There are 4 protein chains.
Amino acid sequence: MSKKNGLDKNTAARILEVARDEFAKYGFDGARVDRIASRAKINKAMIYYHYRSKEKLYHAVIQSHLNRIREFFETSLDTSPDPEAFLPQIVSFWDAMFQDRKGFIPIFLRELAGGGQVMQKAFEQMMKESGFNKVLKQKIDAGIAAGQLRPVNSTQAIISFIGMNLFYFLTLPIMNTVWEIPDEKEFKEQRKKEVVDLFLYGLKAR
Amino acid sequence: MSKKNGLDKNTAARILEVARDEFAKYGFDGARVDRIASRAKINKAMIYYHYRSKEKLYHAVIQSHLNRIREFFETSLDTSPDPEAFLPQIVSFWDAMFQDRKGFIPIFLRELAGGGQVMQKAFEQMMKESGFNKVLKQKIDAGIAAGQLRPVNSTQAIISFIGMNLFYFLTLPIMNTVWEIPDEKEFKEQRKKEVVDLFLYGLKAR
Amino acid sequence: MSKKNGLDKNTAARILEVARDEFAKYGFDGARVDRIASRAKINKAMIYYHYRSKEKLYHAVIQSHLNRIREFFETSLDTSPDPEAFLPQIVSFWDAMFQDRKGFIPIFLRELAGGGQVMQKAFEQMMKESGFNKVLKQKIDAGIAAGQLRPVNSTQAIISFIGMNLFYFLTLPIMNTVWEIPDEKEFKEQRKKEVVDLFLYGLKAR
Amino acid sequence: MSKKNGLDKNTAARILEVARDEFAKYGFDGARVDRIASRAKINKAMIYYHYRSKEKLYHAVIQSHLNRIREFFETSLDTSPDPEAFLPQIVSFWDAMFQDRKGFIPIFLRELAGGGQVMQKAFEQMMKESGFNKVLKQKIDAGIAAGQLRPVNSTQAIISFIGMNLFYFLTLPIMNTVWEIPDEKEFKEQRKKEVVDLFLYGLKAR
DNA sequence: GATGAATGAGATTTCATTCAT
DNA sequence: AATGAATGAAATCTCATTCAT
């Protein structure tokens, strides 16, 4: 507990934190163990003492992200029955999550690029545990059955909804440039409404 | 053309082709000059003779992708005035493009992850040259002005449209797993209609 | 004796025992302090507390072997005057000793390979103290003087005798394979007689 | 052919030669790739270029020894039918071989110490190919059948013969010290006769 | 254009040893 | 006597790049 080395947090945690940043910035192959060590102000060997290998450290980083995200899922996602209340929550949720886990996006993108079996399994599991996909699908299907929504393929609709949301987060820098968006924050805020509006308007029967 | 080594294509082209694959699979840092050489069945030094450095080769790969994509843009994107005819074309266009340039997605994702200045500029330029974004925006805005479409923010709408399309392509493997999609091809075909339908239905005034 | 950690023997002794095995298996350079610690179920630092360095531990291991061997020499080697009784005793002695000190052979071999000054001195001293070589030489020379044995060079003869005995022990695995010996135990038993027989028959005058 | 670097032999051969020495002196674990590189006056990476790993280099060293030894076996070992002519040849052969392949003894000893499966297989094969063991055994058995030799177990006898010969070579430094042998060369010369004499005298019927 | 060999800098990993408690 | 964490030096190995031919 007492900080003999004058640094906050214990070594393993500090390594993990720095590693999260390093892997986010440079990807697995571009990341440097040396750099992690010096940024964490520890001897390189400590990384191996605590994590055994660069690869295991990388997995630990991914796990730490996923754990946090799962927490987020579990605590922030309440399931109001009304889509007009529910959907904006999801959008806010993503915004908050990516804010909290900034480093996750690049890691996610690169995993995607590499075929990312690790991610794939982790996601599948998370989806199943949280029930996110099922719940969403059921709501849409219920809405259709009740005649409130048009008879669309609910899976396609959900993917569309997720896509229109996440895509902007993933491609932020490019989008801001290409579409000459001056105030990212404001645009995000506006986006929340527009996306939900478009989606609901696109679905609702009338 | 001369085939003293029994291989088709000239060396520089063969290197480029193999490099495209290598960079797609492993990213810049993960790619190996050695591996490119041996797969292209040439001596490593030839890569330097033709491309001067790994980085320059990487840029050449990106350029080759962008050139092809620009070609695609220019030839495949006709501008029918009717959104109901126009939008499906865009969707088909992306499908065809990613089919043709499979290796581009991972490179794009990793560039995105890395902050990707190269891509950013290239995209900006391409957008401007092709006028893709402007044309699209004008059409939407015209529709709104004419009272055919609801008064939405056209930029947000377009990003949503692009997002719901591209996101599925970028995350194909994960999506197929999470949503238990058995027939990718069929799902893609169906998606074309559903996406356009959702988007138009979401936009149209009534 | 105190067993607060639930292990028998005191720590120093347990370290030594494990170290004997480790050095036997891997040699000095191949041995790992970490592995010794974990096998002895103690903290690595304890090894340094008790033995100060890997090298000193190694020396302790060698000493422990030599001490035991000296004990063996002193207690098991009685000096019957009759060679036909005496020589089989020596052979049995070696068999018993190597059985008791299994780990000694590889250490001995490696010391031999490395020039092994440590061993050399230790052996010289042991020989002198036990008088093993002198006694043996005297017996042979006496036999020659009495006309019972042929006039051979006694040193050469003794080396031959030692050689034909020890060589088999040192090269056991290879010999068993090359000569397709199915039952090592039986072969050893038979060997005792054959070796003594060959040696005596080769020496005796007639 | 032309020595651009002013060194004799090509690099791979020079590495092998130096490595033979290094592994002989220090064993596999004690050997240093750095040292091999600097002694061979080449860049460390060349070792990996030519041999891929320290372990493969080690195997190459062993193979190079075994190849040479096999050559020796094939060229030097003629099979005179008369044991009194044949046996001294074997002894001379070993002397010459160990002279030619000095570095082999320590490697052999350490392989022996380590359980040395590599050696074991190599030896087995060499024995079978050269027919050394079979030929020897047949000669002894023939002598016994003809009544020239006493009815001993021929395998045991051969192991004894090999042992009394090789053991001295393997333990040279210790033996010379313990038995206070002043002139190694002379002792070796004398040994040749004494060993054969003892063996034959021990075997011959009368 | 083409090759095999070479290089230098640096990457990951290991390991004996010590420190603080 | 005992521990977990820490260290520094060095070990093996890699890789983009260049040289000589």
Side-chain angles (χ1 to χ4, degrees), chain A residues 1-5 10-12 15 29-37 41-57, chain B residues 2 4-5 10-12 15 28-37 41-58, chain C residues 2 4-5 10-12 15 28-37 41-58, chain D residues 1-5 10-12 15 29-37 41-57:
Chain A
M1 302 294 130
S2 66
K3 277 91 197 170
K4 60 177 169 212
N5 50 15
N10 63 59
T11 305
I15 291 173
D29 291 305
R32 293 293 168 252
V33 174
D34 261 336
R35 206 157 35 196
I36 295 174
K41 294 191 199 305
I42 42 112
N43 186 289
K44 215 183 346 179
M46 283 319 286
I47 291 174
Y48 293 88
Y49 179 74
H50 285 293
Y51 294 95
R52 314 198 60 78
S53 76
K54 187 188 179 184
E55 196 159 346
K56 292 232 171 70
L57 175 57
Chain B
S2 71
K4 62 177 171 181
N5 51 12
N10 62 59
T11 304
I15 291 172
F28 180 78
D29 290 308
R32 294 293 169 253
V33 175
D34 263 326
R35 206 159 31 197
I36 294 174
K41 293 189 200 304
I42 43 107
N43 186 280
K44 215 187 342 179
M46 285 315 323
I47 292 174
Y48 290 86
Y49 179 78
H50 284 291
Y51 294 93
R52 321 222 19 96
S53 79
K54 186 188 181 186
E55 197 160 346
K56 292 228 171 70
L57 175 57
Y58 180 63
Chain C
S2 70
K4 61 176 171 181
N5 50 12
N10 62 58
T11 304
I15 292 172
F28 181 78
D29 290 307
R32 293 293 168 255
V33 176
D34 263 324
R35 205 158 33 196
I36 294 174
K41 293 188 200 306
I42 44 107
N43 186 282
K44 213 188 340 180
M46 285 315 323
I47 291 174
Y48 290 87
Y49 179 77
H50 284 292
Y51 294 94
R52 319 219 24 93
S53 80
K54 186 188 181 186
E55 198 160 348
K56 293 228 170 70
L57 175 57
Y58 179 63
Chain D
M1 299 291 132
S2 66
K3 278 90 197 171
K4 60 175 171 215
N5 50 14
N10 63 58
T11 305
I15 291 172
D29 291 305
R32 293 292 168 254
V33 173
D34 261 337
R35 206 159 33 198
I36 294 174
K41 294 191 199 305
I42 42 113
N43 186 290
K44 213 182 350 178
M46 284 318 287
I47 291 174
Y48 294 89
Y49 179 75
H50 285 293
Y51 294 95
R52 312 197 60 79
S53 77
K54 187 188 180 184
E55 196 158 346
K56 291 231 171 69
L57 175 57

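Because the structure is a prediction, the values reported are computed rather than measured. First the proteins, then the strands, lettered A, B, ... as listed; each starts at 1.
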Test side-chain contact (heavy atoms from CB on, under 4.5 Å) on Tyr49(C) and Asn43(C) and set out the steps. CA-CA 10 Å; Tyr49(C) 179 77; Asn43(C) 186 282; over 6 Å; no
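- A straight line from CD1 of Ile47(A) to P of dT14(E) spans 13 Å, rounded to a whole angstrom.
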Show, in sequence, the C-alpha distance, side-chain angles and deciding distance for Val33(B) and Leu57(B), and conclude whether the side-chain contact (heavy atoms from CB on, under 4.5 Å) test is met. CA-CA 10 Å; Val33(B) 175; Leu57(B) 175 57; over 6 Å; no
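- In this structure, the separation between CE on Met46(D) and CD1 on Ile15(D) is 6.0 Å, given to the nearest 0.5 Å.
- Across all strands shown, dT7(E) forms a Watson-Crick or G-U wobble pair, both distances under 3.5 Å, with dA16(F).
- Two residues, Ser53(D) and Glu55(B), neighbour DNA chain F, and the one matched to the more 5' nucleotide by heavy-atom proximity is Ser53(D).
- Residue order along DNA chain E, read from the 5' end via each residue's closest nucleotide, puts Val33(A) first among Lys54(C) and Val33(A).
- Atom CD1 in Ile15(A) sits roughly 13 Å away from atom C1' in dT7(F) (whole-Å rounding).
- For Met46(C), counting side-chain heavy atoms from C-beta on, the closest listed nucleotide (dT18(F), dT12(E), dA1(F)) is dA1(F).
- Rounding to whole angstrom units, OH of residue Tyr51(D) and P of dC13(F) are separated by 15 Å.
- Not one side-chain nitrogen or oxygen of Asn43(C) sits closer than 4.0 Å to the OP1 or OP2 atom of dA2(F).
- Whole-Å rounding puts the Ile36(B) CD1 to dA16(F) P distance at 8 Å.
- The backbone N or O of Ile47(B) sits nowhere less than 3.5 Å from a side-chain atom of Lys54(B) that would complete a donor-acceptor pair.
- Here the P atom of nucleotide dC19(F) and the CZ atom of Arg52(B) are 12 Å apart, to the nearest Å.
- Under 4.0 angstrom from either OP1 or OP2 of dT17(F) there lies at least one side-chain N or O belonging to Tyr48(B).
- Distances shorter than 4.0 Å separate some side-chain N or O of Tyr49(A) from OP1 or OP2 on dA5(F).
- In this structure, Ala31(C) reaches the sugar-phosphate backbone alone: every heavy-atom distance under 4.0 Å involves primed, P, OP1 or OP2 atoms, never a base.
- Per the geometry, NZ belonging to Lys44(A) stands 13 Å off P belonging to dA10(F), to the nearest Å.
- Across all strands shown, dT21(F) forms a Watson-Crick or G-U wobble pair, both distances under 3.5 Å, with dA2(E).
- If you check dT17(F), dT18(E), dT12(E) against the side chain of Ala45(C), the one that comes closest is dT18(E).
- Taking only side-chain atoms of Thr11(D), from C-beta outward, the nucleotide of dT12(E), dT17(F), dA5(E) with the closest atom is dA5(E).
- Within the structure, a side-chain polar atom (N or O) of His50(C) is placed less than 4.0 Å from OP1 or OP2 of dA1(F).
- A donor-acceptor pair under 3.5 Å is absent between the side-chain atoms of Tyr51(C) and the main chain of Tyr58(C), judged by distance alone.
- Between the NZ atom of Lys41(D) and the P atom of dA6(E) there is a distance of 15 Å, given to the nearest Å.
- Atom CG in Asp34(A) sits about 14 Å away from atom C1' in dT14(F), given to the nearest Å.
- When distances are taken from the side chain of Arg32(D) to each of dT12(E), dT12(F), dT3(F), the shortest belongs to dT12(F).
- Using the Watson-Crick or G-U wobble rule with both distances under 3.5 Å, dA11(F) pairs with dT12(E).
- Considering every non-hydrogen atom in both Ser53(D) and Lys56(D), the closest pair reads OG-N, 3.0 Å.
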